[in-house]
Peer 1: 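Quick one: the structure is below, and I'll ask about it shortly.
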Amino acid sequence: MTIKFTAHTLLVGAWLGLTCLNPVQAQAPTEYYWYDGGVRRALFVDGSQVADFAAAREGKSVLKAAGLIEKSAGQTSPVFKDAAGEGARQRALPGGVILVLQQAMAEAEARKMLTDLGLNPVRMLGAQRDTWLIESAPGLATLKLANQLHESGRYKSAAPNWWVPRTRK
């Protein structure tokens, strides 16, 4: 059996080799997404890093190289990017969902409604009396809850309470 190497097969082979060796270039959209208001936005997983929120409480850096921390600690999140490649904005999920109700309500009434729906309202946000911080575990549980709440149609919007790295001025 003879294998013919054409320019096309060589280019495909080179591309596959580079993709396998460079995970940053290999980033592709995943099944992960979130809602920014009414806009569904894709998320790209940065497999080279993990956010460790237990370290943040100790005053240490949140971002760690993947594999250097124990994910069973319950205080970790994948690191996501808004786009593939270097330089894209990073974000992670420390826990909490920002939930905007369809209408403003008295605090006690809104808290009871949210609790009756199985949610744990942490506190009301802002003066409009329609925005709440809802408790959720760090990591993918937050993303799942935010998407479920948004897609239910019961609320104006629901989005993860994102952590983003500070930028120095």
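As the structure is a computational prediction, the values presented were derived from the model and not from experiment.
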Peer 1: Less than 6.0 Å separating the ring centroids of Phe80 and Tyr32?
Peer 2: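 Between Phe80 and Tyr32, the centre distance is under 6.0 Å.
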Peer 1: Same hydrophobic cluster for Met105 and Leu117, using side-chain heavy-atom links shorter than 4.5 Å among ILVMFWY?
Peer 2: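 Looking at the clustering, Leu117 is in the same group as Met105.
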Peer 1: Closer than 4.0 angstrom, basic N to acidic O: yes or no for Arg41 and Asp82?
Peer 2: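 Between Asp82 and Arg41 there is no salt bridge, as every charged N stays at least 4.0 Å from the carboxylate O atoms.
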Peer 1: So which atom in Ala106 and which in Arg129 form the shortest heavy-atom distance, rounded to 0.1 Å?
Peer 2: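 That closest heavy-atom pairing would be CA-NH1, 4.3 Å.
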Peer 1: Can you list the residues that meet the salt bridge (Lys or Arg N to Asp or Glu O under 4.0 Å) rule with Glu135, with sequence neighbours excluded?
Peer 2: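 Glu135 satisfies salt bridge (Lys or Arg N to Asp or Glu O under 4.0 Å) with no residue once adjacent residues are dropped.
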Peer 1: Over all heavy atoms of both residues, which pair between Thr142 and Pro160 is shortest? Give the atoms and the distance, please.
Peer 2: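 The pair with the smallest heavy-atom distance is CG2-CB, 4.0 Å.
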Peer 1: For the atom pair CG (Leu43) and CD (Glu31), what is the distance rounded to the nearest 0.5 Å?
Peer 2: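 Those atoms lie 10.0 Å apart.
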Peer 1: Apply side chain to side chain contact (heavy atoms under 4.5 Å, CB included) to residues Asp52 and Val62 and explain how you reach the verdict.
Peer 2: CA-CA 5 Å; Asp52 179 5; Val62 170; 5.7 Å; no
Peer 1: Going by salt bridge (Lys or Arg N to Asp or Glu O under 4.0 Å), name the residues that satisfy it together with Lys112, two or more places apart in sequence or in a different chain.
Peer 2: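 Partners of Lys112 under the salt bridge (Lys or Arg N to Asp or Glu O under 4.0 Å) test: Asp116.
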Peer 1: Quick one: does any side-chain atom of Arg111 pair with a main-chain N or O of Pro121 as donor and acceptor, under 3.5 Å?
Peer 2: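 Pair found, side chain donor or acceptor close to backbone of Pro121.
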Peer 1: Looking only at non-hydrogen atoms, find the nearest pair between Val97 and Ala158 and report the distance.
Peer 2: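 What the structure gives for the nearest pair is CG1-CB, 4.2 Å.
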Peer 1: Measure the spacing between CD of Glu109 and CG of Leu101 and express it to the nearest 0.5 Å.
Peer 2: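 Result: 10.0 Å between the selected atoms.
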Peer 1: Linking Ile, Leu, Val, Met, Phe, Trp and Tyr through side-chain heavy atoms less than 4.5 Å apart, which residues share a cluster with Val164?
Peer 2: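 Hydrophobic cluster check, Val164: no partners found.
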Peer 1: Checking side chain to side chain contact (heavy atoms under 4.5 Å, CB included) between Val100 and each of Leu149, Thr131, Leu125, which is the one that passes?
Peer 2: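 Exactly one option meets the side chain to side chain contact (heavy atoms under 4.5 Å, CB included) with Val100, and it is Thr131.
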Peer 1: Minimum heavy-atom separation for Lys156 and Gln102, please, with both atom names.
Peer 2: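 Lys156 and Gln102 have their closest heavy atoms at CE-O, 3.2 Å.
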Peer 1: Answer yes if Leu119 and Val122 sit in the same cluster of Ile, Leu, Val, Met, Phe, Trp and Tyr residues linked by side chain heavy atoms under 4.5 Å apart, and no otherwise.
Peer 2: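 Per the 4.5 Å side-chain linkage, Leu119 and Val122 are not co-clustered.
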Peer 1: For Arg40, give me all partners under salt bridge (Lys or Arg N to Asp or Glu O under 4.0 Å), at least two apart in sequence or on another chain.
Peer 2: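 Here no residue qualifies.
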Peer 1: Roughly how far apart are Asp46 CG and Arg91 CZ, rounded to 0.5 Å?
Peer 2: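 With rounding to 0.5 Å, CG (Asp46) is 13.5 Å from CZ (Arg91).
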Peer 1: Between atom CD of Gln49 and atom CG of Leu63, what is the distance when rounded to the nearest 0.5 Å?
Peer 2: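 One finds 4.5 Å between CD of Gln49 and CG of Leu63.
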Peer 1: Other than Val39, what residues sit in its cluster of Ile, Leu, Val, Met, Phe, Trp and Tyr side chains whose heavy atoms are under 4.5 Å apart, directly or through others?
Peer 2: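 Via sub-4.5 Å side-chain contacts, Val39 links to none.
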Peer 1: Applying the 4.5 Å side-chain criterion to the ILVMFWY set and letting contacts propagate, would Leu114 and Leu145 be lumped into a single cluster?
Peer 2: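 In one cluster with Leu114: Leu145, yes.
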Peer 1: Using modelled atom types and a 3.5 Å cut-off, is there a donor and acceptor pairing between side-chain atoms of Ser157 and backbone atoms of Gly37?
Peer 2: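 Between the backbone of Gly37 and the side chain of Ser157 there is no qualifying donor-acceptor contact (under 3.5 Å).
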Peer 1: Decide whether Tyr33 and Leu99 are clustered together by the hydrophobic rule: side chain heavy atoms of Ile, Leu, Val, Met, Phe, Trp, Tyr closer than 4.5 Å, transitively.
Peer 2: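 No.
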Peer 1: Looking at Ala83 and Ala88, what are the two nearest heavy atoms and their distance?
Peer 2: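 Answer, listing the atom of Ala83 first, then Ala88: O-CB, 3.2 Å.
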Peer 1: Nearest heavy-atom pair of Ala92 and Phe53: which atoms, and what distance?
Peer 2: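 So the minimum-distance heavy-atom pair works out to CB-CZ, 3.9 Å.
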Peer 1: Would Val79 and Phe44 show up in the same hydrophobic cluster when neighbours are defined by side-chain heavy atoms closer than 4.5 Å?
Peer 2: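 No, Val79 and Phe44 fall in different hydrophobic clusters.
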Peer 1: For residues 105-162, which residue pairs pass the ring pair (Phe, Tyr, Trp, His ring centres under 6.0 Å) check, not counting sequence neighbours?
Peer 2: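 Sorted pair list: Trp34-Trp162, Tyr35-His150.
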Peer 1: Quick check for you: to the nearest 0.5 Å, what is the distance between Gln90 atom CD and Lys81 atom NZ?
Peer 2: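 If we round to the nearest 0.5 Å, Gln90:CD and Lys81:NZ are 5.5 Å apart.
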Peer 1: If we ignore hydrogens and angles and just use 3.5 Å, is the side chain of Asn120 paired with the main-chain N or O of Ser136 as donor and acceptor?
Peer 2: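 Such a contact is absent between Asn120 side chain and Ser136 backbone.
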